[in-house]
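Written out below as structure tokens is the structure these notes cover.
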Number of protein chains: 2
Amino acid sequence: MGKSGSKAPSIRDVAHAAGVSTATVSRTLSNPDVVSETTREAVFLAIRETGYTVNLAARNLRKRETGAVAILLPNLANPFFSRILSGIAEVMSEAGLSVLISDTTPMAKDDHRLPEYVNQNNVDGIIVLDGNLRQDALLNRGSPEVRAPMVFACEWISQIDRPIVTVDNQEASVRAVQHLLSLGHRRIGHICGPPDNVLTASRLEGARGAMQSVGLRMKPEWIYPGDFSLQSGSEAAKIWHGSSDRPTAVYCACDEMALGFIGELTRRKVAVPQEVSVVGFDDLDMAAHFVPSLTTICQPRVTIGRTAARLLLERMRMTPQERSARPAPRVVLPVKLAVRESTAPPPG
Amino acid sequence: MGKSGSKAPSIRDVAHAAGVSTATVSRTLSNPDVVSETTREAVFLAIRETGYTVNLAARNLRKRETGAVAILLPNLANPFFSRILSGIAEVMSEAGLSVLISDTTPMAKDDHRLPEYVNQNNVDGIIVLDGNLRQDALLNRGSPEVRAPMVFACEWISQIDRPIVTVDNQEASVRAVQHLLSLGHRRIGHICGPPDNVLTASRLEGARGAMQSVGLRMKPEWIYPGDFSLQSGSEAAKIWHGSSDRPTAVYCACDEMALGFIGELTRRKVAVPQEVSVVGFDDLDMAAHFVPSLTTICQPRVTIGRTAARLLLERMRMTPQERSARPAPRVVLPVKLAVRESTAPPPG
DNA sequence: AGGCGGTGTGTAATCGATTACAAGAAGTAA
DNA sequence: TTACTTCTTGTAATCGATTACACACCGCCT
């Protein structure tokens with residue numbers, strides 16, 4: 001099979017082996033119906049004999065596309081993103097596209113430049129999961145429409161008008177807080193996301209709004225700072241534990257903080273949910289297995305990934321004119337409230 | 001800045017704008033010292049004016065390389081891999097290479113074919129984190145040496161002689177079990193990894209060996225099946241809880257199973273570590289925040305990723321001859337035992 | 001026989017960057 | 001002035017696949 005030699009077989013080798021021209025080989029591969037039965041078989045045989053695989057660089061150069069999409073996400077180490085990636089990877093792999101993952105954390109220090117390859121001629125599309133990228137990193141100064149098609153998922157940048165796949169964060173927060181209210185809680189606190197995150201405000205506002213609509217108020221000292229990390233959840237627990245005027249329930253902007261919060265409280269012998277109820281956001285795998293299992297807003301993460309991927313594929317099929325003509329859709333996916341053990345009526 | 005027009009600026013546009021030839025532009029970019037001061041400045045100015053970025057497809061076609069490495073991993077949704085990826089991405093991004101991530105789960109059903117682009121002419125190197133891939137998927141039938149350089153990390157395929165980055169799983173298991181023995185445990189069980197995984201046997205053997213070396217035996221009924229999932233951990237807990245002849249300590253082949261195990265036990269009012277001690281493997285972020293916090297083998301996941309990446313870069317710089325001449329190294333990274341709350345002396 | 005439509009195939013241009021080679025300019029030594 | 005470096009630049013071939021265009025061939029109709 002194939003000479004043990006040096007370089008990979010090219011389409012010319014196949015053409016030679018099959019006794020046809022390179023054009024015919026190419027046609028056989030891309031559009032088998034136009035070649036005759038006998039040629040087709042000869043070509044397929046030659047491909048098998050030579051072990052030929054198409055050179056994507058050459059194809060991409062010629063077709064002016066790259067066969068790859070880039071995913072920009074803030075932190076690859078965060079398990080929240082892994083299922084989203086999984087959904088994206090699934091759809092893209094079906095579409096025959098490869099997925100290029102780029103952690104944007106290094107870019108923060110390395111200023112506002114994206115890696116060289118996330119460029120209109122190196123990827124066919126971009127999915128952005130990071131709302132804190134600098135706007136000028138994502139748009140070409142002179143001509144924004146040249147940039148590869150782009151969609152946002154989960155987070156977004158308000159100034160950039162592109163399709164967004166998200167959940168209704170405010171509404172979800174309302175649901176979470178209403179659940180606590182219906183259990184009888186009147187003193188409800190919140191652990192916030194990072195200050196510069198687009199989601200932080202809407203989750204906080206949703207919670208505040210739900211309280212206000214029943215004539216209650218969320219005291220400022222019940223609003224704990226956070227940054228989506230386990231650590232910040234346990235910090236909040238320390239504050240909660242150290243203060244006298246405590247909420248009886250805490251709604252957390254993400255599961256990691258909720259679990260960090262509960263962990264620290266349990267360690268301090270504060271019983272959840274007997275002494276304080278906790279609601280999370282995201283429904284990480286761990287949420288259902290933690291003790292107590294976590295009542296949380298269930299974000300359909302795989303669906304978010306799949307939807308963003310499909311939306312991007314759709315936009316990639318459009319011409320730039322069509323893209324800018326058609327308004328960027330905003331897909332809002334439904335959430336569920338998963339009620340588990342971490343919420344109960346307030347003490348007393 | 002750049003006409004609002006249709007296609008991305010090419011090297012010819014830059015050459016034209018700077019009044020030089022394309023060769024000079026190319027040289028300015030790849031080897032600035034060989035062009036004169038004045039030309040260099042003119043070219044850089046023209047690049048800025050046109051907004052030129054190199055077309056990687058063209059470069060790769062010409063240079064016969066791709067500027068990308070592929071990572072094959074069994075399950076993108078598993079948080080265990082995210083930090084490893086993070087380490088890989090960090091090193092690769094410094095080296096100017098892009099990282100192409102491929103979840104191998106779909107390949108299991110889609111038979112033994114890797115995605116089209118993971119081919120010697122579409123990536124410059126491959127990092128494999130999945131020991132269950134079929135061997136013929138990774139090697140070309142006729143000429144294995146044509147395939148892009150490859151390294152294994154964490155898991156590997158014994159029949160394929162390639163560099164491996166791993167920890168000493170057997171030794172780590174010995175450490176874990178010795179810790180339990182030193183606490184006074186004599187009845188120690190094990191939750192296994194999936195049967196077809198390379199790590200499963202070494203972790204089980206390590207545990208068994210540690211028992212045997214002090215004249216103890218691990219009863220077959222204390223060996224619980226598992227598959228690295230939270231769920232399988234709670235299944236094991238049900239079996240443990242339902243049997244009369246129980247081990248007083250259980251060493252789990254991964255943290256997820258350990259946490260699932262503890263979660264289910266706690267739910268059944270079995271106190272950990274008072275009634276049963278638990279040791280995990282991996283040191284997921286969650287391990288330290290769980291209640292009780294988990295005693296576990298700490299795998300340096302980011303370092304594993306970085307090391308694998310550096311090893312791959314090194315192999316990529318070698319000629320195929322050098323690669324096959326030099327034996328494939330096996331890098332064994334040290335683990336630590338993180339003693340936390342989930343282990344204590346046996347009851348009574 | 002001449003013309004026409006349809007198939008199937010080959011020829012050659014093309015995508016954009018790199019680089020071997022050649023050639024011109026400028027400087028130095030004889 | 002000629003010969004010979006040294007430095008800088010341009011010309012053109014090349015990487016491998018795709019595809020517009022042309023052409024050869026076959027069968028069929030008038």
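These numbers come from a predicted model, not from an experiment. Just so it is clear, the values below take in all heavy atoms, side chains as well, and ignore hydrogens, waters and symmetry mates. Residue numbering restarts at 1 for every chain, and letters A, B, ... go by the order of the sequence lines.
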Assign T24(B) to base, sugar-phosphate, or nothing according to its heavy-atom contacts below 4.0 angstrom with the strands shown.
sugar-phosphate
Side-chain N or O of T22(A) closer than 4.0 Å to phosphate OP1/OP2 of dG16(D)
no
When the distance from CZ of R27(B) to C1' of dC21(C) is rounded to whole Å, what number comes out?
11 Å
Can you tell me if the side-chain N/O atoms of S26(A) get under 4.0 Å from OP1 or OP2 in dT18(D)?
yes
Report yes if at least one side-chain N or O of S10(B) is closer than 4.0 Å to OP1 or OP2 of dC15(C); otherwise report no.
no
Base of dT14(C) paired with side chain of R62(A) (donor-acceptor, under 3.5 Å):
yes
Presence of R64(A) side-chain N/O under 4.0 Å of dC15(C) phosphate oxygens OP1/OP2
no
Relative to the 5' end of DNA chain C, which residue comes earlier, L61(B) or A23(B), by the nucleotide with the nearest heavy atom?
L61(B)
Examine the base of dG8(C) for any acceptor or donor lying under 3.5 Å from a partner atom in the side chain of R40(A), and report the outcome as yes or no.
no
Under 4.0 Å: is that the gap between some side-chain N or O of S36(B) and OP1 or OP2 of dT9(D)?
yes
For T50(B) and D13(B), which I'm curious about, is there any donor-acceptor pair between the side chains at under 3.5 Å?
no
Mind checking T39(B) for me? I need base, sugar-phosphate or nothing, with any heavy atom below 4.0 Å counting as a touch.
sugar-phosphate
If the cut-off is 4.0 Å, is Y52(B) near the phosphate of dG16(C), judged by side-chain N/O to OP1 or OP2?
no
Any donor-acceptor N/O pair, T28(A) side chain to T24(A) backbone, under 3.5 Å:
yes
Given atom CG of D33(A) and atom C1' of dG6(C), what is their separation to the nearest angstrom?
16 Å
Nearest-neighbour nucleotide for the V54(A) side chain, dA17(D), dG16(C), dG10(D) considered:
dA17(D)
Mind checking if V25(B) touches a base, just sugar-phosphate, or nothing, with heavy atoms under 4.0 Å?
nothing
Looking at D130(B) and L72(B), would you say the former's side chain and the latter's main chain have a donor-acceptor pair under 3.5 Å?
no
In degrees, rounded to 10°, what is the bend between the two ends of the helix from dA1(C)-dT30(D) to dA30(C)-dT1(D), using five pairs at each?
70°
